[in-house]
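Report on the structure given below.
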Amino acid sequence: MSDLFKDQIAVVTGGASGLGLAIARKLHTEVGRVAVLDINPATQATKDVGENAHIFACDVTKEDQVSAVIAQIVERFGRIDILVNSAGITGKTNVKTHEVELSNFRLVFDINVIGSFLTSRAVLPYMLERNYGRILHIASISGKEGNAGMLAYSASKAAVIGMTKVQGKEYAETGITVNALAPAVIRTAMIEAMPEEQVKYMTDKIPMKRCGTLEEIAHLAAFIVSPGASFTTGFTFDMTGGRATY
C-alpha cells in the first residue's frame, strides 16, 4: 500500500470484470481497501482484486440500491475517499440512427449516465463532510468525437463528459475533484463482443495503430484519483494513442 493513499477507501463500480476490475486491482495495491460494486458480483472477483477487497451487489441504475450500498460502505469503513465509475455498456453497435431501438438507447443511458449520476450524488455528501474526495467517471473518445454506428454509447459518454465539467466546477472549492477519463479502444470482453468491423473502424483512427491495455488505463486512473492530482478538476483526460489531442 502506498503512503500517498494511506487509510483511504476507494469505491469502483463495474469492478468485477474488465476495465473496472483492472482499476480495482491497481487501487488495491495503492489504497489497500477497495469496495467493488457490480450487478454480477462473482466471488472470484474478490480474489482477482485482492484479499482486502469487498464486493457489493448493486444495480447502479437503481436509486435505492445505490444509496443503501454507499451508506453501508461508509458505516463499515467510516469514509469514502475515491469513487471510480466504470460500470458501463456499449449497447448494440454497428447500427445507424434509424435502426436504433429506443429500449436499447434507454438502457445504455441508464447504466452509463444515470448510474454515474446516482453514485456520485450518493458519495458527495460524505466527501463534503471531510472536504476531500476524488471522483473519476470513465467516459470515451466516442463522447468527444462520436463513433458512427454507436449512437447510444457515444451520446451517453458525451453526457458523462458534460456531467464531469459541471460537477468539477460545482465542487472546485471543497477539496473534491471530479474528472473523466476518455479511452479509445481498450481490449476488454465488452470490445471482444462487438462486431470486428466496428472494432476495426475505431482502431484505424488511432495513430499508434493498437488498442490500449488494461494496465495502461489503470495506471492513469490511479494517478487521477491520487492526492497529488489536486489542481485538476472538471477535465477529461485523453487515453487514445494519439487520436485525441484536445
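Nearest heavy atoms, L136 versus A221: CD2-CB, 3.7 Å. Taking every heavy atom of both residues into account, I217 and P183 meet most closely at CD1-CG, 3.3 Å. Contact detail for A152 and F109: the closest heavy-atom pair is O-CE1, 3.7 Å. Contact detail for G15 and D38: the closest heavy-atom pair is N-OD2, 3.5 Å. When every heavy atom of A22 is checked against every heavy atom of L214, the shortest pair comes out as CB-CB, 3.7 Å. Closest heavy-atom contact between E197 and N94: OE1-ND2, 3.7 Å.
A continuous path of Ile, Leu, Val, Met, Phe, Trp and Tyr side chains, each step under 4.5 Å between heavy atoms, connects L27 with L220, placing both in one hydrophobic cluster. The hydrophobic clustering, which links ILVMFWY residues whose side-chain heavy atoms are closer than 4.5 Å, places M163 and I114 together. V160 is not connected to I138 by any chain of hydrophobic side-chain contacts under 4.5 Å among Ile, Leu, Val, Met, Phe, Trp and Tyr, and they are in different clusters. The hydrophobic cluster containing Y132 does not contain F223, counting ILVMFWY residues as joined when their side-chain heavy atoms lie under 4.5 angstrom apart, directly or transitively. Placement of V166 and V113 in two distinct hydrophobic clusters is found when ILVMFWY residues are connected by side-chain heavy-atom separations under 4.5 Å, directly or transitively.
The main-chain N or O of A244 is found under 3.5 Å from a side-chain atom of T240 such that the two form a donor-acceptor pair. Judged by distance alone, the side chain of S154 and the main-chain N or O of L151 form no donor-acceptor pair under 3.5 Å. Judged purely by atom type and a 3.5 angstrom limit, T93 has no side-chain atom pairing as donor or acceptor with the backbone of G149. When atom types are taken as modelled, the side chain of N131 and the backbone of G175 share no donor-acceptor pair closer than 3.5 angstrom. Between the side chain of T203 and the backbone N or O of K200, no donor-acceptor pair lies under 3.5 Å. T29 contributes a side-chain N or O that, together with a main-chain N or O of K26, makes up a donor-acceptor pair within less than 3.5 Å. In terms of modelled atom types and a separation under 3.5 Å, the side chain of E216 and the main chain of T213 share a donor-acceptor contact. Formation of a donor-acceptor pair under 3.5 Å by the R79 side chain with backbone atoms of Y126 is not found in this model. Using modelled atom types, one side-chain atom of N112 and one backbone atom of I89 make a donor-acceptor pair closer than 3.5 Å. A distance-only check finds no donor-acceptor pair linking the side chain of T61 to the backbone of G115 [under 3.5 Å].
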Task: Working for side chain to side chain donor-acceptor pair (under 3.5 Å), residues T119 and N85 - done: CA-CA 8 Å; T119 52; N85 274 316; 2.6 Å; yes
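In this structure, the side chains of I9 and I82 stay at 4.5 Å or more apart for every pair of heavy atoms. With contacts defined as side-chain heavy-atom distances shorter than 4.5 Å, the pair F105/S156 does not qualify. Between F56 and R76, the closest side-chain pair of non-hydrogen atoms falls below 4.5 Å. Using a 4.5 Å heavy-atom threshold, the side chains of L37 and I73 count as touching. The shortest side-chain heavy-atom distance between H137 and Q167 falls under the 4.5 Å cut-off.
In the displayed structure, R210 atom CZ is contacted under 6.0 Å by more than 12 heavy atoms of other residues, nucleotides or ligands. Heavy atoms from other residues, nucleotides or ligands lying under 6.0 Å from CD of E173 number 12 at most. Summarising the local packing, NZ of K62 is surrounded by 12 or fewer heavy atoms from other residues, nucleotides or ligands at distances under 6.0 Å. The local environment of CD in E99 is crowded, with over 12 non-hydrogen atoms from other residues, nucleotides or ligands closer than 6.0 Å. More than 12 heavy atoms of other residues, nucleotides or ligands shown are found within 6.0 angstrom of NZ on K209.
A salt bridge links E63 to R121: at least one charged side-chain nitrogen sits closer than 4.0 Å to a carboxylate oxygen.
Taken from CZ in F235 to NZ in K165, the straight-line distance is 10.0 Å, to the nearest 0.5 Å. Atom OG1 of residue T13 and atom CD1 of residue I39 lie 11.5 Å apart, to the nearest 0.5 angstrom. In this structure, NE2 in H219 is found 9.0 Å from CE in M239, a value given to the nearest 0.5 Å. The CD1 atom of I141 sits 8.0 Å away from atom CG of N147, with the distance rounded to the nearest 0.5 Å. To the nearest 0.5 Å, atoms CG (N179) and CD1 (I224) are separated by 6.5 Å. Here the CZ atom belonging to R33 is positioned 11.0 Å from the NE2 atom belonging to H28, to the nearest 0.5 angstrom.
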